[in-house]
*Asks:* 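Please see the structure below; I have some questions.
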Amino acid sequence: MQNNTYKFLNEHFNISESVLDLIDESEKEVSEYFSELDDIMAFNQYKILDSFQRNNICDRHFSWNTGYGYDDAGREATERVYADIFHTEAALVRPIIVNGTHALTLTIMGLLRPGDELIYCTGAPYDTLEEVIGLRGEGKGSLKDYGITYDQVELSPEGRIDFDALRKAIKPCTRMITLQRATGYGWRRAITIDEIKEWAAFVKDIDPNIICMVDNCYGEFLNVQEPTDVGADVIAGSLIKNPGGGLALTGGYICGKQDLIDKISYRMTSPGIGGECGLTFGQTRTMLQGLFIAPKTVNGAVKGAVLCAKAFEKLGFDVCPAPQDTRSDIIQAVKLGSPEAVIAFCQGIQAAAPIDSHVSPEPWDMPGYEDPVIMAAGAFVQGSSIELSADAPIRDPYVVYFQGGLTYEHSKFGVIKALQEMKDRGLITL
């Protein structure tokens with residue numbers, strides 16, 4: 001603990017030498033993986049730059065109009081760039097899409113009709129999708145309310161898509177099969193691009209009319225390819241996760257084939273209007289600038305997740321994914337084994353934040369979730385999980401989900417503060 005940075009952390013944040021020694025050892029052990037992550041970051045940075053230049057992005061695209069939002073040049077340019085980056089025919093990128101769940105809901109409900117079936121092939125969907133589907137809640141306009149049926153296929157014990165079970169689940173009424181790329185609140189690694197490619201080819205071989213949809217939340221720019229490069233028909237995600245780069249104030253995106261995006265746009269506004277209306281409220285500047293820096297931001301978050309995995313693995317905790325595993329989302333799951341440990345971890349993350357660091361988060365009955373949830377995020381943008389954050393449902397086996405950090409250094413500091421908080425409460429020995 002001889003360098004200036006560690007001395008500062010010790011003197012100003014009361015970080016113990018034992019915690020800093022663990023971080024130093026862990027960082028040295030995972031540094032070999034960082035060069036590959038840096039190459040992915042550079043590729044995506046230049047891919048985005050190329051798209052901005054080919055689409056002639058200029059200062060006028062940062063202006064905005066009023067009323068219906070007709071002829072919004074910035075909105076149209078932003079959607080061209082997204083379609084270009086994700087190699088799709090069309091895109092919707094809107095601040096009126098309130099979050100990732102909304103983007104997924106628009107996609108699913110815009111494309112499915114009564115009598116159709118939706119299959120999730122990666123097990124149970126993220127908690128907030130349960131009421132959308134109709135697994136919980138009554139009379140709220142769910143798929144179930146509209147006569148759309150649902151089935152799910154569990155992953156194999158190894159965490160891979162079970163193709164035999166999926167083949168058996170597909171019926172004549174199956175219209176869409178959805179893959180959740182990220183971990184969500186499960187104990188599994190994220191689905192890789194190679195697996196998505198295999199899945200899309202498998203589904204299309206059975207029935208080319210089935211829509212292959214990917215929930216791409218937390219997965220953008222983790223690879224040199226995206227799901228739509230390898231066979232997915234449509235993807236959806238949130239701008240306050242990876243692609244917003246920490247600058248987008250709100251919003252979501254949907255990219256895919258033109259006919260699918262048209263149908264989704266009619267659900268977003270109304271039939272006959274679709275994507276032709278909708279103000280961007282002056283947000284195109286932050287949306288585009290955030291997108292431009294997103295690869296670097298994502299890179300820092302992924303490195304922080306790898307460091308988190310190594311540090312907690314060295315302490316004997318189960319982690320998923322392992323430090324050496326290929327990453328396909330920014331989430332790091334750590335099985336802490338008790339509600340006290342989960343709460344201490346999250347309160348450590350909150351104490352590491354630039355905003356609301358004085359707040360102490362507690363579990364609560366959050367709308368859309370089945371169990372009490374604790375969420376730590378002192379973010380510049382509320383709910384922005386590309387910024388340093390951690391959350392967990394308070395249920396056995398008490399797994400915490402760590403993600404984000406606008407810079408690697410801040411993500412690293414989140415790990416440091418979580419460890420220190422647990423050490424101070426006697427939950428770990430260092």
Side-chain angles (χ1 to χ4, degrees), residues 98-105 108 120 122-144 150-155 159 178 180-190 215 217-218 238 240-241 305 308 312 317-321 329-351 353 356 359-379 382-385 387-404 414 418 421-422 425 427:
V98 301
N99 54 26
T101 298
H102 189 198
L104 296 167
T105 301
I108 293 168
Y120 256 74
T122 45
Y126 190 71
D127 289 33
T128 57
L129 269 296
E130 291 181 358
E131 291 191 54
V132 174
I133 292 166
L135 302 178
R136 290 188 287 117
E138 297 290 338
K140 297 182 179 180
S142 67
L143 297 181
K144 182 179 178 181
Y150 172 76
D151 196 4
Q152 71 185 44
V153 175
E154 302 301 326
L155 293 169
T178 297
Q180 180 180 293
R181 182 175 178 180
T183 299
Y185 279 158
W187 183 257
R188 66 166 176 87
R189 58 180 183 74
D215 173 353
C217 289
Y218 300 102
S238 167
I240 62 170
K241 295 183 174 67
C308 180
F312 278 88
F317 291 96
D318 290 336
V319 298
C320 183
D329 68 8
I330 64 170
I331 301 169
Q332 181 60 50
V334 183
K335 192 177 293 183
L336 295 176
S338 73
E340 293 80 11
V342 165
I343 292 168
F345 184 105
C346 290
Q347 290 179 348
I349 295 297
Q350 188 72 39
D356 292 330
V359 173
S360 185
E362 296 286 347
W364 66 296
D365 295 318
M366 191 171 180
Y369 293 85
E370 187 173 4
D371 301 288
V373 174
I374 183 169
M375 289 195 169
Q382 274 191 14
S384 172
S385 42
E387 299 185 54
L388 178 65
S389 57
D391 51 286
I394 305 301
R395 64 185 179 217
D396 191 58
Y398 302 105
V399 177
V400 71
Y401 298 89
F402 168 87
Q403 63 268 321
E421 195 69 29
M422 293 177 70
R425 300 187 192 188
L427 297 166

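Basis for what follows: all heavy atoms, side chains included, without hydrogens, waters or symmetry-related copies. These figures come from a predicted structure and were not determined experimentally.
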*Asks:* Between CD of Glu387 and CD of Gln382, what distance do you get to the nearest 0.5 Å?
*Replies:* 11.0 Å
*Asks:* Flag yes if more than 12 heavy atoms outside Lys335 fall under 6.0 Å of its NZ atom; otherwise flag no.
*Replies:* yes
*Asks:* Indicate the atoms forming the closest heavy-atom contact of Ile343 with Pro363, along with that distance.
*Replies:* CD1-CG, 3.9 Å
*Asks:* Would you find a donor on one side and an acceptor on the other, under 3.5 Å apart, between the side chain of Arg188 and the backbone of Ala182?
*Replies:* yes
*Asks:* Partners of Asn99 by side chain to side chain donor-acceptor pair (under 3.5 Å), sequence neighbours excluded?
*Replies:* none
*Asks:* Can you tell me how far OH of Tyr218 sits from OG1 of Thr183, rounded to the nearest 0.5 angstrom?
*Replies:* 10.0 Å
*Asks:* For Gln152, enumerate each residue passing the side chain to side chain donor-acceptor pair (under 3.5 Å) test, keeping only those at least two apart in sequence or located in another chain.
*Replies:* Tyr150, Glu154
*Asks:* What's the shortest heavy-atom distance between Gly404 and Ile330, and which atoms?
*Replies:* N-CD1, 4.1 Å
*Asks:* Could you check whether any side-chain N or O of Tyr401 sits under 3.5 Å from a backbone N or O of Ser389, counting only pairs where one atom can act as donor and the other as acceptor?
*Replies:* no
*Asks:* Test of understanding: with ring-ring contact (aromatic ring centres under 6.0 Å, His included), list the residues that count as partners of Phe312, not counting sequence neighbours.
*Replies:* Phe317, Phe345
*Asks:* Does Asp215 have any side-chain contact (heavy atoms from CB on, under 4.5 Å) partners at least two apart in sequence or in another chain, and if so, which?
*Replies:* Leu104, Gln180, Cys217
*Asks:* Any idea which heavy atoms bring Cys320 and Arg189 closest together, and the distance?
*Replies:* SG-N, 3.4 Å
*Asks:* Give me the one residue out of Asp329, Leu388, Asp391 that meets side chain to side chain contact (heavy atoms under 4.5 Å, CB included) with Gln403.
*Replies:* Asp391
*Asks:* Side chains of Arg395 and Pro339, heavy atoms from C-beta outward: is any pair under 4.5 Å?
*Replies:* no
*Asks:* Just do the side chain to side chain contact (heavy atoms under 4.5 Å, CB included) check on Val334 and Phe402 with the steps written out, would you?
*Replies:* CA-CA 8 Å; Val334 183; Phe402 168 87; 5.7 Å; no
*Asks:* Quick one: does any side-chain atom of Glu370 pair with a main-chain N or O of Asp127 as donor and acceptor, under 3.5 Å?
*Replies:* no
*Asks:* On a heavy-atom basis, which atom in Pro393 and which in Val399 lie closest, and how many Å separate them?
*Replies:* CD-O, 4.3 Å
*Asks:* Tell me every residue that passes side chain to side chain donor-acceptor pair (under 3.5 Å) with Thr105, counting only those two or more places apart in sequence or in another chain.
*Replies:* none
*Asks:* Let's go through Glu131 and Lys140 carefully: what are the C-alpha distance in whole Å and the side-chain angles of both, what is the deciding distance for side chain to side chain contact (heavy atoms under 4.5 Å, CB included) to 0.1 Å, and is it a yes or a no?
*Replies:* CA-CA 8 Å; Glu131 291 191 54; Lys140 297 182 179 180; 2.7 Å; yes
*Asks:* So which heavy atom on Cys346 is nearest to which on Ala376, and how close?
*Replies:* O-CB, 3.1 Å
*Asks:* Could you list the residues that satisfy side-chain contact (heavy atoms from CB on, under 4.5 Å) with Ala392, not counting sequence neighbours?
*Replies:* Val342, Ile374, Val400
*Asks:* Can you tell me how far CD1 of Ile108 sits from OG of Ser142, rounded to the nearest 0.5 angstrom?
*Replies:* 11.5 Å
*Asks:* Nearest heavy-atom pair of Pro125 and Leu129: which atoms, and what distance?
*Replies:* CB-CB, 3.8 Å
*Asks:* Could you grab the distance from atom OH of Tyr185 to atom OG1 of Thr128, nearest 0.5 Å is fine?
*Replies:* 9.0 Å
*Asks:* Any non-hydrogen side-chain atom of Gln347 less than 4.5 Å from a side-chain atom of Pro361?
*Replies:* yes
